[in-house]
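Below is one structure, written out as structure tokens; the observations come after it.
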Amino acid sequence: MSKIRVGWFEYFMAVAEEVATRSTCDRKHVGAVIVRDKVILSTGYNGSLHGAPHCDDIGHDMENGHCVRTMHAEANAVAQAAKNGVNINSSEIYVTASPCLTCFKLIANSGIHTIYFKEFYRDDRITKYAQESGVKLVYMGDEIKSE
């Protein structure tokens with residue numbers, strides 16, 4: 001019996017979910033995948049600065065209810081692309097949780113035009129900013145879109 005082949009939306013969100021398993025902050029595991037023309041350009045997960053101790057090892061650095069020891073998954077994916085000279089203009093990003101406002105602004109200014117997310121996380125201001133900036137937000141929730 002042949003296996004059903006998953007659609008692109010399902011595939012890239014599943015990759016983001018797998019990337020999230022690398023997270024080094026036990027408060028929330030988030031993964032991000034930047035894609036253009038059905039090709040993965042960069043990935044990122046939330047974790048400590050390169051070479052710094054992980055939350056999982058030494059605890060959290062809390063500020064206003066947030067752990068500030070970690071970089072967010074989206075920021076790490078954009079940073080990895082920049083570090084490796086990968087052009088992410090006119091791409092899209094798949095994230096297991098919607099971006100915070102700071103990460104949303106980074107995503108928008110890096111040329112990413114669509115954000116697919118599975119779980120809404122904290123900041124509904126991104127909806128207003130997305131409308132103003134022309135960035136498309138796509139909630140994938142429990143029902144993944146098919147392509």
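Just so it is clear, the structure is predicted and the values come from calculations on it, not from any experiment. Start at 1 with the first residue, then count along the sequence.
Atom CG in D123 sits 11.5 Å away from atom NZ in K128 (nearest 0.5 Å). The CD atom of E132 sits 11.0 Å away from atom OG1 of T127, with the distance rounded to the nearest 0.5 Å. Here the straight-line distance linking atom OG of S42 with atom NZ of K83 works out to 10.5 Å at 0.5 Å rounding. Remark: I34 CD1 to L41 CG distance equals 7.0 Å, nearest 0.5 Å. One finds the CZ atom of R125 at 9.0 Å from the SG atom of C100 (value rounded to the nearest 0.5 Å).
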Do any side-chain atoms of residues 105-115 form donor-acceptor pairs under 3.5 angstrom with protein atoms, and if so which ones, sequence neighbours left out?
| unit_1 | atom_1 | unit_2 | atom_2 | d |
| --- | --- | --- | --- | --- |
| S110 | OG | L106 | O | 3.3 |
| S110 | OG | I107 | O | 2.8 |
| H113 | NE2 | S90 | O | 3.4 |
| H113 | NE2 | S91 | O | 3.4 |

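Both L101 and V95 belong to a single network of hydrophobic side chains, linked directly or stepwise wherever heavy atoms of I, L, V, M, F, W or Y lie under 4.5 Å apart. Under the 4.5 Å side-chain contact rule for hydrophobic residues, Y129 and Y139 share a cluster.
Using a 4.5 Å heavy-atom cutoff, the side chains of H29 and Y45 are not in contact. I93 is listed as a side-chain neighbour of E74, based on a closest heavy-atom distance under 4.5 Å. When side chains are defined from C-beta on, I40 counts as touching V15, because their heavy atoms get closer than 4.5 Å. Using a 4.5 Å heavy-atom threshold, the side chains of V135 and F104 count as touching. Contact annotation: the side chain of M62 approaches that of R27 to within less than 4.5 Å [non-hydrogen atoms, C-beta and beyond]. Looking only at side-chain heavy atoms (C-beta outward), Y94 and V35 come within less than 4.5 Å of each other.
E119 meets the salt bridge (Lys or Arg N to Asp or Glu O under 4.0 Å) test with K28; sequence neighbours excluded.
Residue pairs meeting the side chain to side chain donor-acceptor pair (under 3.5 Å) criterion with at least one partner in residues 52-64, sequence neighbours excluded, are T24-H54, D26-H60.
Judged purely by atom type and a 3.5 angstrom limit, R22 has no side-chain atom pairing as donor or acceptor with the backbone of G44. Listed for the D37 side chain is no donor-acceptor partner under 3.5 Å among the backbone atoms of V39. For N84 (side chain) and V86 (main-chain N/O), no donor-acceptor pair under 3.5 Å exists by modelled atom type. Under a 3.5 Å cut-off, the side chain of T43 and the backbone N or O of A32 do not form any donor-acceptor pair. Here the side chain of T21 pairs a donor or acceptor atom with the backbone of E18 at under 3.5 angstrom.
C103 approaches P99 most closely through the heavy-atom pair CB-CB, 4.0 Å. The two residues S98 and I126 have their closest heavy-atom pair at CB-CD1, 4.0 Å. Between A20 and G31 the shortest heavy-atom distance is CB-N, 3.3 Å.
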May I have the step-by-step check of side chain to side chain contact (heavy atoms under 4.5 Å, CB included) for F117 and V138, ending in yes or no? CA-CA 6 Å; F117 63 97; V138 180; 6.0 Å; no
If you apply the rule side-chain hydrogen bond (donor to acceptor under 3.5 Å, both in side chains), what do you find for N46 with T70, and how did you get there? CA-CA 6 Å; N46 57 318; T70 62; 5.0 Å; no
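Note: F12 and Y116 fail the aromatic proximity criterion, with ring centroids not under 6.0 Å apart.
Under 4.0 Å is where a charged nitrogen must lie from a carboxylate oxygen, and between E17 and K118 at least one such pair does.
Within 6.0 Å of CZ on R36 lie more than 12 heavy atoms contributed by other residues, nucleotides or ligands.
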